[in-house]
Structure formats: C-alpha cells, structure tokens
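For reference, the structure is listed below as structure tokens.
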Amino acid sequence: MAQVISDEHESEYQVAPPTGNAAPAPSRALATLSAYGEGEAYVGALDRRSLRKTPGLYIRAWRRFRSNRVAMAALIVLLLIVVFVLSAGLISRYVTGFTPQENHLADKLKPPMTDGYILGSDGNGRDILTRLAYGGRVSIMIAVLSGLATFFIGGAIGLVSGYRGGLTDTLLMRLVDVLLSIPGLPLLILIASLYSPGPVGLAFVLAAVSWPGIARIVRGEVLALRGREYVDAARTLGASGPRIVLRHILPNILPLMIVYISLIIPGLILAETGLSFLGIGVQVPTPSWGNMLGDAQQFFRTNATNVVIPGLMIYLTSLTMYLVGNGLRDALDPKLSE
Amino acid sequence: MTAYIVRRLLQMIPLIFGVTFLTFALINLMPGSPVLRLRDNPKIRPEAALELEKQLGLDKPWPVRYVSWLGDLAHGDLGVSLYNRLPVADRIWAAIPNTLLLAVLALGIALAIAVPLGVYSAVRHGSLFDRSASVGAVAMYAMPDFWLALLLVILFALKFKAWGLPSLPVGGMADARGGGDLLDRIRHLILPVAALAMVQIGSWSAFFRSSMLETLSQEYIRTARGKGLPNRTILYLHAFKNAFLPLITIVGLALPGLLGGALFIETIFAWPGMGRLTYEAVGRRDYTMIMATTLMFSVLTMLSNLVADVLYAVLDPRIRLE
C-alpha cells in the first residue's frame with residue numbers, strides 16, 4: 001500500500017523540488033520599508049531584517065496545517081490515542097486494577113462490562129482494556145521507531161548514492177532494485193520468523209525492508225539538485241562534500257522526506273500488527289494490538305468483540321496517522337506554498 | 001516491442017541472482033538449522049542427525065550450497081522439501097494458480113468498481129456523492145486487511161447464519177463433502193476476494209478521480225466541447241482513455257502488494273496459495289521451500305512490472321519502448 005503512495009509522490013515531486021528559503025513576501029518587505037521612513041543607506045540591512053521576519057518554511061507549513069480541519073481533528077484523535085497508551089500504567093493501577101500479564105483462567109472470555117472487566121477478558125482471562133493500553137504502547141513505539149530508522153537509513157543511502165554517483169551509486173541502486181523486487185510481506189515474514197527479534201529489533205526489521213523506497217526518491221532529488229548553481233557556488237567556495245550534502249542539499253529535500261515518512265508510518269503499523277497477528281511479530285506475553293487480534297481470532301465464533309476491539313484501535317491509529325500525513329503533504333507541498 | 005521484452009526478461013536474470021543470493025544468505029546466516037533441532041531430540045541418536053545433515057547436504061558451507069542450488073535451478077530443479085522430502089516444485093505449481101486466481105479476481109473487481117466511482121466523482125466533483133466517495137476512499141485505504149477479513153467472516157458467515165440468512169463458507173476453496181462444483185467454488189471465493197479488493201478500491205478510485213479531473217481540464221477537452229460534441233462522447237471517448245493510462249502504472253505497482261498481501265487473506269481463509277505456503281515453510285524452517293516461494297514471488301513481481309510497462313506502451317502510442 002505504501003508503495004503506491006510513494007511512487008505517486010515520486011513523480012509529483014520530480015518536477016519542482018521545494019525551495020528552502022523563499023524570498024520574503026513583498027507586502028511585508030514594503031511594510032518594513034515604510035516603517036523605516038525615507039530611503040537612507042539602510043537598504044541592505046532592511047532586506048536582512050525583513051528576511052528574518054518572514055516565517056520559515058516549517059512555521060508557514062504549520063500555519064497551513066492548523067487551518068486544515070480534517071488533519072487537525074486527526075491529529076487530536078492521534079494525540080488522544082498516544083495519551084491513552086502512555087498512561088497504560090495509570091490505567092492498570094487506578095482504572096482496571098489488572099496488570100497486562102495477570103491471568104484469571106476462571107474468568108476467561110468475559111464479555112465487556114462484567115465482573116470488573118471493562119472491555120471483557122481474553123482467552124487467558126486477561127483484562128483487555130489494560131492490554132490494549134500496553135499493547136498500543138508497543139505497536140506505536142515500533143511504528144515510530146521503524147519510521148525514524150527508515151528515514152535515517154533510506155535518507156543516508158539516498159544522499160550518498162545520489163551525491164557520490166559512480167560505482168557506489170550503481171551498487172547501492174542495484175541493491176535497491178533487488179529488495180524492491182521481493183514483495184515486502186513475504187520478506188518481512190521470512191526475516192521476522194528466522195531471527196525472532198524483540199520489539200526494538202522488529203522495528204529495525206521493518207526499516208530494513210522499507211528503506212529502499214525512500215532511498216530511491218532521495219537519490220533522484222539529489223541528482224536533480226546536484227547540478228544547481230547554488231551547489232556549484234558552495235563547491236567553488238571550498239565547501240566539503242558532506243557540508244554540501246548536509247547544509248545545502250538536504251534542507252531542500254527534507255520536506256519531501258518528512259511527507260514520505262509520515263505517509264508510510266500507517267503502513268508500518270499495519271505491517272507490525274499484521275506480523276504480530278500471524279504470531280511472528282511481537283511475541284506473547286508482551287501484548288501488541290496485532291497479537292491480541294491474533295489471539296482473539298480463535299474465539300471469533302463466541303467472542304466477536306475481542307476481534308473488533310484491537311482491530312478498531314489499529315484501524316483508528318493507522319487512519320489518523322494517514323490523515324495527519326495527508327495534511328502534512330498539503331502543508332509542505334512546494335507547489336502550493338505561498 | 002519484442003526486442004524490448006526480451007531485453008527486460010534478460011535484465012531479470014541478475015535481479016534473480018540478487019534475490020536468491022540475499023535470501024539464501026539470510027536463511028543461512030541465522031544460527032541453527034533444521035537438523036540442529038533434531039540433535040536436541042533425545043529420541044534421535046546424534047550420529048543419525050549428523051548422517052541426515054550429510055544426506056541433505058547441510059554439512060557444507062552455505063556459499064557452496066548456494067552454488068549447487070543454483071546449478072539445480074538451472075536444470076529446472078527446485079529441490080526437495082526438508083519437511084517431507086517431496087519435490088517443492090509440485091506444491092509451488094499447485095499453489096501459484098490459487099494465488100493468481102485470488103489476486104487477479106480481486107484486481108478485476110476492484111477496477112470494475114473503482115473506475116466508475118472515480119469517473120462519477122470527477123464529473124460531479126464537489127457534490128455530496130464525490131465528498132462521501134473521498135471519505136470512503138480514505139477510510140478504506142487505512143484499513144488493516146486482516147481485520148477487515150475477520151469482520152467479513154463474522155458478519156457474513158457467523159451472524160448471517162445466526163440470523164437465518166444465507167451465509168457464506170469461510171475455509172478452503174470448496175466444501176470437503178459434496179462440494180467442488182462451480183457454484184460452491186464461487187461461494188468460497190466471495191469473501192477472500194472481497195477482502196482483498198475492498199482495500200484497493202479506495203486508493204484506485206481516488207487516483208482515477210484526480211486523473212480524470214486533470215484530463216477534463218485539458219485544452220483538447222475544451223476544443224471538443226467547443227465543437228459541440230455531446231458530453232457523453234467527450235467523457236468516454238476523449239477523457240476516459242487518457243485518464244486511464246496513469247492508472248495502469250499504479251495497478252502494476254500494486255500487484256506485488258496484492259500477491260504478497262494475499263498472505264493474510266490466505267491464512268485467514270485457509271486458502272492453499274503461495275502466501276500460506278510461505279508462512280508454513282517459514283514456520284517449519286523448510287529452507288528449500290522458502291527459497292522456492294521467494295523466487296516465485298519475485299519472478300511474479302518482475303513479470304507484473306513488465307506487463308504494466310508493455311500494456312502502457314500498447315495503449316499509449318506516444319510511448320515508445322526502447
């Protein structure tokens with residue numbers, strides 16, 4: 001799913017790379033000019049002042065994001081989910097009175113709102129609400145961590161490949177080709193099952209499978225920017241390779257990378273919960289929304305709510321993350337920028 | 001065109017080397033082997049385990065085994081399963097059509113729904129229909145397909161039965177007893193295909209809507225309108241064909257996801273396809289089977305990309321494949 005998105009954006013962004021520091025809006029510059037009164041030798045200083053007063057790309061993007069009602073609503077729901085999972089300890093202690101691992105076999109498969117099980121109990125007699133909070137913590141942590149790892153691994157490889165060119169580029173891009181020609185899910189299942197990693201390891205397994213997409217896009221952008229005049233200028237001034245890449249090229253690609261990552265994070269959360277659902281992601285007794293759903297699957301004939309609840313949390317999280325990502329794209333889209 | 005296809009097929013060879021080498025290394029760099037587990041079994045003499053290891057060729061270093069695996073592959077031999085010593089090729093060839101059946105049907109149905117939805121949304125854009133279709137598209141896009149499949153099962157198999165409505169079967173490709181005729185097979189197909197298709201409909205209809213909108217704002221559409229052509233002709237003869245082209249690329253890119261994503265659906269519905277085979281093989285540490293399924297998945301992916309590219313060129317005379 002994430003693949004489709006990525007390639008849509010690849011073509012969308014190839015034409016117009018974002019411009020990092022746009023010229024100040026003319027109206028503001030004029031306002032400052034008049035504030036300074038009659039023309040003196042201030043012109044240069046004025047320009048710099050008005051430049052500083054123009055809000056940066058990210059501040060402008062945030063303002064645009066704030067006025068997007070759908071994205072803001074999604075962000076609020078997402079934050080509520082994050083607050084819910086972060087307060088797992090409090091919920092366990094003060095609301096439900098159960099720990100996530102505690103099982104009462106006599107009380108298994110209780111329907112919601114019975115005997116103190118607010119959302120019911122699972123097949124091992126564990127409280128579902130408590131596990132939902134703890135499980136969400138694991139699922140969201142893995143999604144965010146793997147998103148960050150994808151960002152850094154894919155970004156670094158794309159930057160190096162695009163800037164260095166030559167043999168480095170050829171080798172890295174062949175590796176990308178190879179990885180992109182194995183469907184992601186079977187590959188994930190293979191690695192996750194063979195190496196049975198813990199939650200943090202799982203995040204890196206997800207990143208190991210998802211970095212090629214962003215690496216290819218970043219490389220394409222670097223190739224397009226490498227020949228620009230300002231890069232030549234920096235090189236003429238004696239800037240080193242890493243400096244050119246990190247200070248002059250990266251800032252121009254960063255918005256695109258942020259959008260890409262925010263749009264694949266929902267895919268990552270679906271991948272983790274899917275693996276855990278199959279029993280090869282997060283291992284029981286550590287709860288994750290995925291393995292809770294997997295556990296509930298065997299009781300779906302009698303206890304359908306146990307299937308509905310964790311799935312709903314997965315869905316709500318991936319949906320809000322996707323809507324926030326969409327909002328970010330609209331806010332950071334260079335073609336729409338003022 | 002033929003030259004292009006031949007060259008693309010030749011380009012697949014190094015990729016296949018890469019894929020198989022990577023998979024082989026991944027499998028074998030992992031500590032442990034299928035036989036090692038037998039050594040811990042007190043019922044099996046250690047010498048017997050060693051003997052078995054030798055028989056299966058697992059005593060040699062893995063690069064040597066990779067080369068001999070490649071040699072066998074060149075002869076069309078995918079090896080025997082470490083699990084039951086039967087040739088893996090038999091099971092693979094039996095599983096591929098089942099997976100393709102699911103994926104191709106889902107693709108066809110998703111397109112058949114997504115395209116009219118997209119056209120109608122574009123024509124009536126801004127309307128209530130368009131806005132609710134957009135909301136639906138986003139809602140389906142973020143849907144976990146394994147959860148959707150379970151919900152469909154609960155609703156259409158369980159609840160419908162409880163309510164006395166005609167319900168659908170949920171396991172396998174046909175009823176074990178008295179099943180197997182066409183109607184029975186179709187009934188078994190409905191739920192897995194629906195689960196697989198529904199997730200795609202959202203993103204495809206949204207994509208086709210924007211592609212259609214973009215096409216409708218082109219100069220030649222205005223020209224056609226200026227000529228006084230009927231709306232229907234403009235829509236279906238001029239706009240539709242052009243708007244359809246980019247969708248081919250998107251669908252081609254989604255195919256690997258459909259094939260791989262069928263894995264969840266196959267495990268939930270006990271569908272004897274490639275995904276379930278992979279899942280089983282991974283659980284059993286059946287290395288030859290894992291190699292074979294990965295190879296087949298990759299070849300299917302590369303072929304579907306090729307088909308999308310060729311189809312694009314066939315439908316769009318402006319594109320020349322070189």
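Below, read A as the first sequence line, B as the second, and so on, with proteins coming before strands; counting in each chain starts at 1. What you see below is based on every heavy atom in this structure, not just the backbone, and it leaves out hydrogens, waters and symmetry mates.
- B/Leu300 does not touch chain A: none of its heavy atoms, backbone or side chain, sits under 4.5 Å away.
- Against chain B, the residues from residues 287-295 of chain A that qualify, each with a non-hydrogen atom under 4.5 angstrom away, are A/Leu293 in number order.
- Interface remark: A/Ile269 contributes no atoms to any contact with chain B (heavy atom separation under 4.5 Å).
- Between the side chain of A/Ser318 and the main chain of B/Ala142, a donor-acceptor pair closer than 3.5 Å is present.
- For chain A, the nearby part of B/Ile290 is the side chain; its heavy atoms alone come within less than 4.5 Å.
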Mind running side chain to side chain contact (heavy atoms under 4.5 Å, CB included) on A/Tyr322 and B/Val138 for me, showing each step along the way? CA-CA 8 Å; A/Tyr322 174 68; B/Val138 173; 3.6 Å; yes
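- Between the side chain of B/Tyr279 and the backbone N or O of A/Leu278, at least one donor-acceptor pair lies under 3.5 Å.
- A/Arg174 meets the side chain to side chain donor-acceptor pair (under 3.5 Å) test with A/Asp177; sequence neighbours excluded.
- Neither the backbone nor the side chain of A/Val70 comes within contact range of chain B; no heavy atom of the residue lies under 4.5 Å from a heavy atom of that chain.
- No part of B/Val299 comes within reach of chain A, as not one of its non-hydrogen atoms sits under 4.5 angstrom from that chain.
- Once rounded to the nearest 0.5 Å, the distance linking CG of A/Leu270 with CZ of B/Phe146 reads 6.0 Å.
- Heavy atoms from other residues, nucleotides or ligands lying under 6.0 Å from CZ of B/Phe17 number 12 at most.
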Do A/Ser181 and B/Met12 pass the side chain to side chain contact (heavy atoms under 4.5 Å, CB included) test, and can you show the C-alpha distance, the side-chain angles, and the key distance before you say yes or no? CA-CA 10 Å; A/Ser181 56; B/Met12 279 169 59; over 6 Å; no
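- Using a 4.5 Å heavy-atom threshold, the side chains of A/Leu179 and B/Leu22 count as touching.
- No side-chain heavy atom of B/Pro144 sits under 4.5 Å from any side-chain heavy atom of A/Thr273.
- Looking at A/Tyr195, its side chain does come within 3.5 Å of a backbone N or O of B/Leu26 through a donor-acceptor pair.
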Would you sort out whether A/Leu319 and B/Tyr141 count as a side chain to side chain contact (heavy atoms under 4.5 Å, CB included), showing the intermediate values? CA-CA 8 Å; A/Leu319 182 63; B/Tyr141 182 84; over 6 Å; no
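- By the 4.5 Å heavy-atom criterion applied to side chains, B/Thr294 and A/Leu187 are not counted as neighbours.
- Note on A/Ala296, A/Gly279, A/Gly274: by heavy-atom pairs under 4.5 Å with chain B, the leading option is A/Gly274.
- Ranked by heavy-atom pairs shorter than 4.5 Å toward chain B, the options A/Leu312, A/Leu175, A/Thr320 are led by A/Leu312.
- Judged by distance alone, the side chain of A/Tyr315 and the main-chain N or O of B/Ala139 form a donor-acceptor pair under 3.5 Å.
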